[in-house]
Amino acid sequence: MALPLLEEEGVTQRGWSEAESEIWGLEVLFVTPRGREEAVSVRRMACRSQEQSLREELTCAICCDLFQDPVMLECMHHFCRECIQGYWSRCPRVVSCPQCRREFPNQAFRPHYLVSGVVEKVRQCSSEECRRKMHKQFEDALLSQQREMENFVRMKHVAEQNICSLTKISTELHSKIQAEFGRLHQILEQEERAVLIELAKEEEQLVVRLQGDIMQLEQGIFEMKKGMEHTQQSLSKMADSLLLEVESMAVRPAVHVEVSPTLNLEHLRDRYDGPLQYIFWRRMLRSVHPAPASLTFDPESAHPNLILSKDLTAVTESSRPRPVHQSSRRFQQCVNVLASETFRSGRHYWEVWVGNKTKWDLGVAAESVDRAAKIKLCPENGYWTLRLRNRTDYWAVATPWVCLTPQTPLRKVGVLLNCEEQRVAFYNAENMFHLFTFHQATAHSFCPFFSTCFSDDKQNEEPLRICHLAL
Ligand SMILES: [Zn+2]
Ligand SMILES: [Zn+2]
């Protein structure tokens, strides 16, 4: 009985080339028995039609199911091992390929592991569980992409808002800087006016004086002329008169004119010939606000181990406490001291010389801080301070601490307190570089705060000094 030749439509007629087939992500190369090559991309296996076509390629022409233990005949047609063996066992004559009829007297075939692997994969991927898994995977991916996109949208919104805020702040600062310069111009113009008025007054006084001299001299000249006429007359009368008569013609007394001492105009020039810009800048500095305040330490607040200079502008730490009277204002645990001045409103700036000290703390404290207890310096406890440790480690004592890296070691520190805006800012007072700003500094009243830290066997014995602006 002749076996039917399996050539119906849709039934696979293609064999596999070895070593060139891979599924899910690589290209699978199919080689027809006629040597025709055809590359089929299975990269997007989610597509049902592609999947269907792949299934067809991997379907046994005998059992019409996915290959089970596939083998390849020499004609390059594939069948399940059982199918081809069953087919050949029923074959009365020389066995042949059910598809191309090529005869195989030795019944030779060889297993095709590559196809076997691909079939296994397709089987797995077609399972309901795999489908569910993939579905879940895609759903999860979509969800995560949605979340990421929402995040991007949010970030974009924030960036856009930042542009608005930046523009707003920049405009505010622009106006502020203009106002500050306006104020400086105003002060400078006032100073200029004052100096010019002074000069004009001086000129006027001198003119008045010189005019007075001129009037006096004119009067003198007039008197003198009259005297001269009189003398002339006396002289001419002498020829005709008796000597007796001449004697009675007395010479008029000398005219006395009192004029001012000689005026040295060079003096005036000299007075206005100094380093005018520096002179006016110094005068102007008196009107600048805030300018460095001339603070002094409050002796009653100083820890017993602190020694203050007579003028209360320098403080050092001593290993021995000095006898002091009890005060609720005195720091009892830490070597701290406050300035006498307290601030409740306005802007205040002061400068502290720290020189070559190896450690210190300074800044602002709320007047209400607990001075009897050992309290950590932090904004929560009413301290807004800068700190040096180990000679070179600068910190803004915020929560958490912020490490500062000034370009040059700090020798003079500027502190700006803005009560209304609740800000405490620090500067390198030698070049006015901004170091750090605390925000939300709230207190009923604020005190400038200083701590020398321990002298550490003279290593840190240099005093802290409040700088006074010498004008
Ligand atoms: Zn089969
Ligand atoms: Zn064949």
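Because only heavy atoms are used, hydrogens play no part in the values below, and waters and symmetry mates are left out as well, while side chains stay in. Keep in mind that this is a model prediction, so the values were computed, not measured. We count ligands from 1, going down the list as the structure has it; atoms in each ligand are counted the same way.
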message: Restricting to ring-ring contact (aromatic ring centres under 6.0 Å, His included), what partner residues turn up for Tyr349, sequence neighbours left out?
response: none
task: Could you grab the angle centred on the Zn ion (ligand 2), going from SG in Cys97 to SG in Cys100, to 10°?
output: 110°
message: From the N, O or S atoms in His77, identify the one nearest to the Zn ion (ligand 2).
response: ND1
task: Apply salt bridge (Lys or Arg N to Asp or Glu O under 4.0 Å) to the pair Asp361 and Arg389, showing each step before the final yes or no.
output: CA-CA 9 Å; Asp361 296 276; Arg389 291 292 182 271; 3.0 Å; yes
- prompt: With a cut-off of 2.8 Å, does Cys80 place any N/O/S atom under that distance from the Zn ion (ligand 1)?
  reply: yes
task: Can you tell me, to 10 degrees, how wide the angle at the Zn ion (ligand 1) is between SG on Cys60 and SG on Cys63?
output: 110°
field: Distance flag, aromatic centroids of Phe280 and Tyr278, threshold under 6.0 Å
entry: no
- prompt: Looking at Glu351 and Lys412, does any basic side-chain N land under 4.0 Å from a carboxylate oxygen?
  reply: yes
